[in-house]
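Written below as structure tokens is the structure these notes are about.
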Amino acid sequence: MTEPPTRRRLGPQERRAQLIAATGEVLAELGYQAATADAIATRAGVSKGLLWHYFSDIDALFEATAHHTLLELRRAVGARLDLAAPAPDVIRAAVRGAADLRHTHAAHRRALEAIVLNLRTADGGMRLGIKDFEDTYLEQEAIFRRGQADGDFRADLDPRVMAVTYQGAVDAMLGYLDAHPDADTAGYARTVAEILLGGMTAPSSTNAPPAAPTRTRRPSSRPPAVQGNSSRAGGSSS
């Protein structure tokens, strides 16, 4: 007679990872309000009481899930980067990798967004803030500092400001692409990267973005005096 296989007892870190994964799945599929302790325990296949053995309360579980999910998203983008490449090329690849997260890690992003927007402190403030993105900023700063050392990025710019500006642009890009699913993801990411690099790249760098073509202004057919009068009068030129 064949005996049923015995279930391997999970260690503390494995159990925490299992509960965090279940929490992310429930958040992504059902939303924040439906992500109850009962629903998470059912998804993980454990008793609800086991949750409190590893987390003090459901808010602590949500916070741990957010930190883990943010790390997973950073790793997903980082896995696509050649960190030995010139820093401007790394930024281009990172922006494109971030844009592709809406396709490759949509569930992770839904779970993270649900927590960030809904998890609150006792006084009603947002529980997750800038401090929770410190590791992200530090990794980005390292890229910008290397670019400055290599002469690719302007030395007069603060790497922390560059990192925060970069992340803000990426977040705005993702928000726009989420709202416009038919938008050209690659084209949008390419444009965002070149806009960022246009302000950060040292003029002497061989990795600077291509210069915009010079626009030649067509001479007006009207005498200067007429243009000046219509402008001061509040009129518009055709």
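All of these numbers come straight from a predicted model, not from anything done at the bench.
- Side chains of R16 and Q13: no donor on one and acceptor on the other come within 3.5 Å.
- The shortest heavy-atom contact between A39 and V26 is O-CG2, 4.0 Å.
- Clustering ILVMFWY residues whenever any of their side-chain heavy atoms sit less than 4.5 angstrom apart, transitively, puts L157 in the very cluster that holds V95.
- The closest side-chain heavy-atom distance from D59 to L119 is below 4.5 Å.
- Taking NE2 of H103 as the start and OG1 of T185 as the end, the distance is 3.5 Å to the nearest 0.5 Å.
- The backbone N or O of D152 lies less than 3.5 Å from no partner atom in the side chain of D150, so there is not a single donor-acceptor pair.
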### Query
Checking side-chain contact (heavy atoms from CB on, under 4.5 Å) for the pair R160/L138: CA distance, chi angles, key distance, verdict?
CA-CA 8 Å; R160 172 50 62 105; L138 288 174; 3.8 Å; yes
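- The pair R110-E25 does not count as a salt bridge, with every side-chain nitrogen at least 4.0 angstrom from each carboxylate oxygen.
- Between R154 and D156 there is a salt bridge, since a side-chain N of the basic residue sits under 4.0 Å from a carboxylate O of the acidic one.
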#### Entry: Stepwise side chain to side chain donor-acceptor pair (under 3.5 Å) test for T36 and D38
CA-CA 5 Å; T36 62; D38 286 324; 5.1 Å; no
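- In the hydrophobic clustering of this structure, L83 groups with L196; members are Ile, Leu, Val, Met, Phe, Trp, Tyr whose side-chain heavy atoms approach within less than 4.5 Å, directly or through other members.
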### Message
Evaluate E72 against H105 for side-chain contact (heavy atoms from CB on, under 4.5 Å), listing each step before the verdict.
### Response
CA-CA 9 Å; E72 287 292 303; H105 290 71; 5.6 Å; no
### Evaluation steps, side-chain contact (heavy atoms from CB on, under 4.5 Å), between L70 and L112
CA-CA 7 Å; L70 184 60; L112 180 61; 4.2 Å; yes
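- Among all heavy-atom pairs drawn from A94 and Y166, the shortest one is CB-OH, 3.2 Å.
- Looking at N118 and Q33, their side chains come closer than 4.5 Å, going by heavy atoms from C-beta outward.
- Note: the hydrophobic cluster containing L128 also contains L73 (ILVMFWY, side chain heavy atoms under 4.5 Å, direct or indirect links).
- Listed for the Q18 side chain is a donor-acceptor partner under 3.5 Å among the backbone atoms of A44.
- Minimum heavy-atom separation, R96 to A186: NH1-CB, 3.2 Å.
- Heavy-atom minimum distance, D132 versus R127: OD2-O, 3.9 Å.
- In this structure a side-chain-to-backbone donor-acceptor pair under 3.5 Å is missing from H68 to A64.
- Here the closest heavy-atom approach between residue V90 and residue L81 is recorded as O-CD2, 3.9 Å.
- Residues I195 and Y188 do not share a hydrophobic cluster, clusters being chains of Ile/Leu/Val/Met/Phe/Trp/Tyr side chains in contact below 4.5 Å.
- Atom-to-atom distance recorded for T104:OG1 and R109:CZ is 9.5 Å, nearest 0.5 angstrom.
- In this structure, CZ on F133 lies 9.5 Å from CZ on R74, to the nearest 0.5 angstrom.
- Under the 4.5 Å side-chain heavy-atom criterion for ILVMFWY residues, no single connected hydrophobic cluster contains both M200 and Y137.
- If you take CD on Q148 and CD1 on I143, they are separated by 12.5 Å, rounding to the nearest 0.5 Å.
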### Task
Assess whether side-chain contact (heavy atoms from CB on, under 4.5 Å) is satisfied between E29 and R43, documenting all intermediate values.
CA-CA 11 Å; E29 295 175 17; R43 178 61 62 94; 2.9 Å; yes
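- One distance of note links CD1 of I20 with CZ of F62; it measures 12.0 Å at 0.5 Å rounding.
- From T23, atom OG1 reaches atom CG of L61 across 3.5 Å, with rounding to the nearest 0.5 Å.
- Taking 4.5 Å as the limit, some side-chain heavy atom of R92 sits within range of a side-chain heavy atom of D89.
- Looking at every heavy atom in both residues, P181 comes nearest to R102 through CA-NH2, 3.1 Å.
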